[in-house]
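Data first, discussion second: the structure below is written as structure tokens.
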Amino acid sequence: MNTEAATVPVEPRQPAPLARLDRAAIEAIVASGRRLLVQGGMGIHASDGLAGKVAAHRGARLVGVGTVSAVVKNADHLRREIRRARAEAPGGYVGLNLMAAVNKAEFELSARVAIEEGVSFIVQGAGISREIVKWCRAGNVPFAGIVSSGRLAAMYEKWGADFIVAEGAEAGGHIGDIGHPLPGLVDEVVAATSLPVVAAGGVDASDVARYFAAGAIGVQMASRFLACSDGDVHPNFKQMHLGKTDADITLITSCVKGMKARAVRNTFTDALARGESFPPRSKAWYFGPEGFHGRKKACVECLAAEVCLCRASQFRESFCITDALLAAAVKGDMEKGLFYTGSSITRIPELTTEELPTARALLEDLEARLALAEPSRLAAAG
Ligand SMILES: Cc1cc2nc3c(=O)[nH]c(=O)nc-3n(C[C@H](O)[C@H](O)[C@H](O)COP(=O)(O)O)c2cc1C
């Protein structure tokens, strides 16, 4: 027996830290002729497991960026998800998606955990909080804002953002402005700000080159990654993304401020369209006996009080978003779940669940298609 080895103190090896995705880092990537391919954060478990796989991609034309979602994660769960991505993509770019519409206490806690874990950036959607920009500056973490107008992009630039995600009406989940499709929005946002702009919403491999030509330094895709074999979302969520046409997509009125949101049509969305309401149910099956941050009632107050139509109506109108999204992403309940999706769903190739690509294979395919679409860009960058 080698006794010497037993006396050597063994420190657990720390994974390499994530890299900061600030404006200078983005400008250096662009100067090298490459662009960002961002995996959009998807709330309530939908994007869990994807961030590290996308952030591990460093191709000739695309640099992968992963995003972890903060929605209904307690501090441990959030830390686990960030650390998992960091281990899969040491030195890569992994950010946190934080929505201003969530309960203020969780908003603050998620931001604190992400800053402690040294995420590459924090990106804010669904509402606006100026606090988060200040916290990011104090924590030396780059900040990005998701916008549906040039005006908002200009405001974020004044506040000190590092980059902007211009999210068009084609996006999945909550839509900032249903009258603002992505092609026009990208032009408007690029004109309104000097910050790097990432184009999001309904983007498919065949659109990527055109958004780069329009001045975007990256594209964000979310729904397309749902139909990958190696994300954690329930297999039925993946199944719900296959072989769909325009008739399978619908816009619902969400309990979040009454915003419009895009989802796969099913018995749940049909019931919402008829005006049925769905008060909160017990979530002990998911959060366990301790509840969510100690909140054990059917309503775990996941949203800021002033934005939740379900709570504001004493649970008589609208629906519980946490129940509906957990039912879809965790239980895979195809009838009672709410399956958010982007309009790009109709362009996902006809596949069976056995044929789904890995996130890595999807990125390699994007690289290859981009090489055909814009053969001269790399040469121009030198
Ligand atoms: C299931 C699902 C959940 C989403 N959750 C969030 C979220 O929590 N926060 C957010 O800012 N955007 C969310 N989005 C929007 C995406 O991050 C992304 O910007 C958008 O869907 C891009 O369009 P695409 O899905 O057509 O690629 C979600 C989208 C989907 C499909």
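All values derive from a computational prediction rather than experimental measurement. Counting convention: from 1, in listed order, for ligands and their atoms alike. The residues of the chain are indexed from 1 along the displayed sequence.
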Which atoms of ligand 1 are found less than 4.0 Å from any heavy atom of [X]?
X: M99; answer: 7 (C), 8 (O), 9 (N)
X: S223; answer: 24 (P), 25 (O), 26 (O), 27 (O), 31 (C)
X: V71; answer: 8 (O)
X: G202; answer: 23 (O), 24 (P), 26 (O)
X: T341; answer: 31 (C)
X: Q220; answer: 17 (O), 18 (C), 19 (O)
X: M221; answer: 27 (O)
X: I146; answer: 11 (O)

Distance-only polar pair, side chains of T267 and D270, donor-acceptor under 3.5 Å: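 Note: T267 and D270 side chains miss the donor-acceptor criterion.
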Polar side-chain atom of R224 near backbone of R347 as donor-acceptor pair, under 3.5 Å: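 Not a single qualifying donor-acceptor pair exists.
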Less than 4.0 angstrom from a charged side-chain N to a carboxylate O is my criterion; do [X] and [Y] meet it?
X: E131; Y: K104; result: no
X: R369; Y: D365; result: yes
X: R360; Y: E88; result: no
X: R20; Y: D22; result: yes

Y340 ring center within less than 6.0 Å of H174 ring center: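 They qualify: ring centres under 6.0 Å apart.
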Ring centroid separation Y156 to F143 under 6.0 Å: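 Yes, ring centres under 6.0 Å apart.
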Sub-4.5 Å side-chain heavy-atom contact between M155 and S149: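 Result no, sub-4.5 Å side-chain heavy-atom pair not found.
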Using heavy-atom distances only, which candidate in [options] approaches [atom] most closely?
atom: atom 12 (N) of ligand 1; options: G168, A222, G41; value: G41
atom: atom 18 (C) of ligand 1; options: H174, H241, Q39, E167; value: E167
atom: atom 22 (C) of ligand 1; options: G125, A328, G201, G176; value: G201

May I ask you to identify, for [X], whether its side chain, its backbone, both or neither come under 4.0 Å of ligand 1 on a heavy-atom basis?
X: I44; answer: neither
X: N97; answer: side chain
X: V165; answer: neither

Close approach of R224 to ligand 1, heavy atoms, under 4.0 angstrom: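 The answer is no: ligand 1 sits nowhere under 4.0 Å from a heavy atom of R224.
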